[in-house]
Amino acid sequence: MTVRTRIAPSPTGIAHIGTAYMALFNYAFARQNDGEFLVRIEDTDRARFVEGAEQVIYDSLDWLEIPYTKTFRQSEHLEDYSAAVQTLIQKGHAYYCFCTPERLETMRKEQQARKEIPRYDRLCTHLPKEEVQKRLDSGERHVIRMKMPDNEMISWDDLVRGTISINTKELDDQVLMKSDGFPTYHLAVVVDDNRMQISHVIRGEEWISSTPKHILLYRYFGWQLPVFAHMPLLRNVDKTKMSKRKNDVSIPSYKEKGYLPQALRNYLCLMGWSHPDEKDIFALQEFIKVFSFSRMQTTGPIFDVKKLDWMNGKYIREVLKTDEVETALFPFLPDDFPQDLLPKILPLVRERLVTLHDIGPLTEFFYHDIHPTVEELMGKKSSMSEAKKYLEAALSTLEKSFEETEMLAMVDSKGWNRGAFFTTLRVAVTGRTVSPPLFDTIRVLGKQLTLSRVKAAITLC
RNA sequence: GGCCCCAUCGUCUAGCGGCCUUGGACGCUUGGUUUUCAUCCAAGAAAUCGUGGGUUCGAAUCCCACUGGGGUCACCA
């Protein structure tokens, strides 16, 4: 059997991190089995359709370096869904329903008031054929509903959860075809997965309860059933399904915030799955090689940015090569960043970067004017006169040499406290109390700028 | 509420009947390296394996109940 997997995102807004999560596992499983990973656009909801959202999804997958094959938009295959639903009607598995949204609404409210499960009351199930035809001919608005068996156990062997059984009596007569002529998800997903010969449906846990509907449809159509794998859902801190209200769920937003696609991808691999050797850091190729559903956790993992941050820093300082980091950093360099200096500056800040975005704040004193205050120059250990004394001595030493050993010798010969002295000099040169190693910094800064900053600091005291 | 899924440190997880008075990672604390921060290294706190029953010579691991959490019940996907 050829393994074919897919994701079917809807272009309704943001490119969701959950989509990336599903894409990752679908892709890995397909590749592992020499299969194919496809993307189909689920655009049957015209009310929520957002122009351009589709491209953002593709861009996000590209950014994450997850290869895929584009297929089609569901809106391009409308006639297939009507053809499919017609065979269902002929076989008696679907029927026309003329109930208005208003009637359904009041019906639901009444049911809820009576504490019943809200569901369609099947008013239109027994409409005489002639009446149905007449109302269709007159152009009355209608939907087509699936006729659910009354009491039938539907079971399947889920790849991550084992056997799951649901009785059809729990299921509603699902709308398959909307009054605007577009199919609902349930019809479209079955028709399209069959058309694309999807062998494994790997999707979120949220679909478990509608899977019986899909299985029934496969059966009615006489199509080969795919294998189902329901993955755990990514959660917010409060354990609810990860949502944009409580979390940043937009893939492009992680890109903008300076996360590396490799790090985000690696982190996502660890959500619900664990490496057989308990490794945390591994490449996509390795994931493909060692992935297995048997190592899948069924509990929904909480998306924790703290660990993502650590992983991102780890990738910046250890996993990526220097030129790869430089390339990744490029879009995050401030406009006035002296790019020719990047190879010299990067080693000074590399292990201090959590996100690529940190490059600006961490390096701006190299190319921006600094404004140290007297308080900062004094630090916690010195007085104003001491600071001045330090700086004057530092200045005359620097005029002779940029060697750190020279400075150290000078400080020690005077019997000064190294910490206090260097704090003052650091603030004078970088404008901040925290910086990369001072003499490395000074060498990048150059003699002229360093000396002028020290002189400027002296006049402050 | 009905149905379905789930339940090991704060978080991500290992564990699939004895090797576990639970191992790793993040985070946290402390110490070391260091003129600051970060890195790196070392140590530590942190789960009576949700609770209660079984099964078994033996259970985090199997079974049941309860509790708790989540998902789903749309002409949204």
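Order of the sequence lines sets the chain letters (A, B, ...), proteins ahead of strands, with each chain counted from 1.
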Would you mind classifying the nucleic acid contact of A:Met271 as base, sugar-phosphate or nothing, using non-hydrogen atoms under 4.0 angstrom? sugar-phosphate

Please list each protein N or O that sits under 3.5 Å from an N or O in nucleotides 6-9 of chain B, with the distance.
from, atom 1, to, atom 2, distance (Å)
B:C6, O3', A:Thr298, OG1, 3.3
B:C6, O2', A:Thr299, OG1, 3.3

Proximity of A:His142 and A:Tyr95 rings by center, below 6.0 Å: no

Of A:Ile302 and A:Tyr185, whose closest RNA chain B nucleotide lies nearer the 5' terminus? A:Ile302

Distance-only donor-acceptor check, side chains A:Glu152 and A:Asn167, under 3.5 Å: no

Look at the side-chain N and O atoms of A:Arg350 and state whether any lies under 4.0 Å from the OP1 or OP2 oxygen of B:A38. no

Would you mind telling me which of B:A74, B:C76, B:G15 lies closest to the side-chain atoms of A:Arg48? B:C76

Neighbours of RNA chain B within residues 420-427 of chain A, by heavy-atom distance under 4.0 Å: A:Phe422, A:Arg426

Taking the inter-plane angle between the rings of A:Tyr21 and A:Phe25 on a 0 to 90° scale, is it parallel (under 30°), tilted (30 to 60°) or perpendicular (over 60°)? perpendicular

For A:Thr240, report the nucleic acid contact type (base, sugar-phosphate, nothing); a contact means any heavy atom under 4.0 Å. sugar-phosphate

Considering every strand and a 4.0 Å limit on heavy-atom distances, what is the contact class for A:Arg108: base, sugar-phosphate, or nothing? sugar-phosphate

How are the rings of A:Phe287 and A:Phe282 set relative to one another: parallel (under 30°), tilted (30 to 60°) or perpendicular (over 60°)? parallel

Does the structure show a Watson-Crick or G-U wobble partner for B:C76, both distances under 3.5 Å? Name it, or say none. none

Using a heavy-atom cut-off of 4.0 Å across all strands, would you classify A:Pro183 as base, sugar-phosphate, or nothing? sugar-phosphate

Within the structure shown, what part of the strands sits under 4.0 Å from A:Pro437 by heavy-atom distance: base, sugar-phosphate, or nothing? base

Counting any heavy atom closer than 4.0 Å, what does A:Gly204 reach on the DNA or RNA strands: base, sugar-phosphate only, or nothing? nothing

Do NZ/NE/NH1/NH2 and the carboxylate oxygens of A:Arg119 and A:Asp173 come within less than 4.0 Å? no

Any donor-acceptor pair under 3.5 Å between the side chain of A:Ser209 and the base of B:C4? no

Can you list the steps and then say if A:Asn312 with A:Trp310 is a side chain to side chain donor-acceptor pair (under 3.5 Å)? CA-CA 5 Å; A:Asn312 206 57; A:Trp310 165 77; over 6 Å; no

Which nucleotide, if any, forms a Watson-Crick or G-U wobble pair with B:C37, using both distances under 3.5 Å? none

Does any part of the side chain of A:Met231, heavy atoms only, come nearer than 4.5 Å to the side chain of A:Glu205, both counted from C-beta? no

Closest to the A:Ser435 side chain: B:A77, B:U35, B:U36? B:U36

For A:Arg432, answer base if it contacts any base atom (sugar-phosphate contacts may also be present), sugar-phosphate if it contacts only those atoms, and nothing otherwise; contact means non-hydrogen atoms under 4.0 Å. nothing

Heavy atoms from C-beta onward define the side chain here; which of B:C5, B:C75, B:G70 lies closest to that of A:Lys239? B:G70

What is the distance, to the nearest angstrom, from the CZ atom on A:Phe182 to the C1' atom on B:A74? 18 Å

Can you tell me how far C1' in B:A46 sits from the matching atom in B:C66, rounded to whole Å? 28 Å

Scan every strand shown for a Watson-Crick or G-U wobble partner of B:C20, both distances under 3.5 Å, and answer none if you come up empty. none

Rounded to whole Å, please give me the gap between CG in A:Asp440 and P in B:U34. 16 Å

Hey, does A:Pro232 reach any base, or is it just sugar-phosphate, or nothing, if we go heavy atoms under 4.0 Å? nothing

Ranking A:Asp280 and A:Ile166 by the position along RNA chain B of their nearest nucleotide, the one closer to 5' is A:Ile166

Using only modelled atom types and a 3.5 angstrom limit, is any donor from either the side chain of A:Glu116 or the base of B:G2 paired with an acceptor on the other? no

Name the nucleic acid region contacted by A:Cys99, choosing base, sugar-phosphate or nothing; use a 4.0 angstrom heavy-atom cut-off, strictly under. base

Once side chain to side chain contact (heavy atoms under 4.5 Å, CB included) is applied, do any residues pair with A:Arg352, and if so which ones, sequence neighbours excluded? A:Leu362, A:Pro436, A:Pro437

Any donor-acceptor N or O pair under 3.5 Å, side chains A:His77, A:Arg195: yes

Base, sugar-phosphate or nothing for A:Arg114? Non-hydrogen atoms, less than 4.0 Å. nothing

Students often get this wrong, so: under 4.0 angstrom with heavy atoms, is A:Val175 touching a base, only sugar-phosphate, or nothing? sugar-phosphate

Separation of atom CD1 in A:Ile208 from atom C1' in B:A77, rounded to whole Å: 16 Å

Classify the nucleic acid contact of A:Pro101 as base, sugar-phosphate or nothing, counting any heavy atom under 4.0 Å across all strands shown. base

May I ask which nucleotide in the shown strands pairs with B:G44, Watson-Crick or G-U wobble, both distances under 3.5 Å? B:C28

Return the minimal non-hydrogen interatomic distance between A:Ser435 and A:Arg426, and the atom names on each side. OG-NH1, 2.8 Å

Among the candidates B:U39, B:U13, B:G69, find the nucleotide nearest to the side-chain atoms of A:Arg235. B:G69

According to a strict under-4.0 Å criterion, is A:Lys178 in side-chain N/O contact with OP1 or OP2 of B:C76? yes

Show me the side-chain donor-acceptor pairs of residues 298-309 of chain A shorter than 3.5 Å, one per line, residues at least two apart or across chains.
from, atom 1, to, atom 2, distance (Å)
A:Asp304, OD1, A:Lys306, N, 3.1
A:Asp309, OD1, A:Tyr259, OH, 2.5

Over all strands shown, is A:Ser210 touching base, sugar-phosphate only, or nothing at heavy-atom distances under 4.0 angstrom? nothing

Return the nearest nucleotide to the side chain of A:Leu270; candidates are B:U72, B:C76, B:C12. B:C12

List the residues meeting salt bridge (Lys or Arg N to Asp or Glu O under 4.0 Å) with A:Glu324, not counting sequence neighbours, and say none if there are none. none

Is it the case that the ring center of A:Tyr68 lies less than 6.0 angstrom away from the ring center of A:Phe37? no

For atom OH of A:Tyr267 and atom P of B:G27, their distance in whole Å: 12 Å

Can you tell me the pairing partner of B:C3 across any strand shown, Watson-Crick or G-U wobble, with both distances under 3.5 angstrom? B:G71

Polar pair under 3.5 Å, donor/acceptor by atom type, side chain A:Lys307, base B:A25: yes

What's the CG-C1' distance between A:Asp193 and B:A77, to the nearest Å? 13 Å

Answer with base, sugar-phosphate or nothing: what part of the nucleic acid does A:Ser165 contact at a heavy-atom distance below 4.0 Å? sugar-phosphate

Pull out every protein N or O sitting under 3.5 Å from an N or O of nucleotides 40-43 of chain B, one pair per line with the distance.
from, atom 1, to, atom 2, distance (Å)
B:C40, OP1, A:Arg317, NH1, 3.3

Report yes if the distance between the aromatic ring centroids of A:Phe29 and A:Phe293 is under 6.0 Å, otherwise no. yes

Work out how far the C1' atom of B:C40 is from that of B:U33, and round it to whole angstrom. 8 Å

Any idea how A:His275 and A:Trp273 line up, ring-wise: parallel (<30°), tilted (30 to 60°), or perpendicular (>60°)? perpendicular

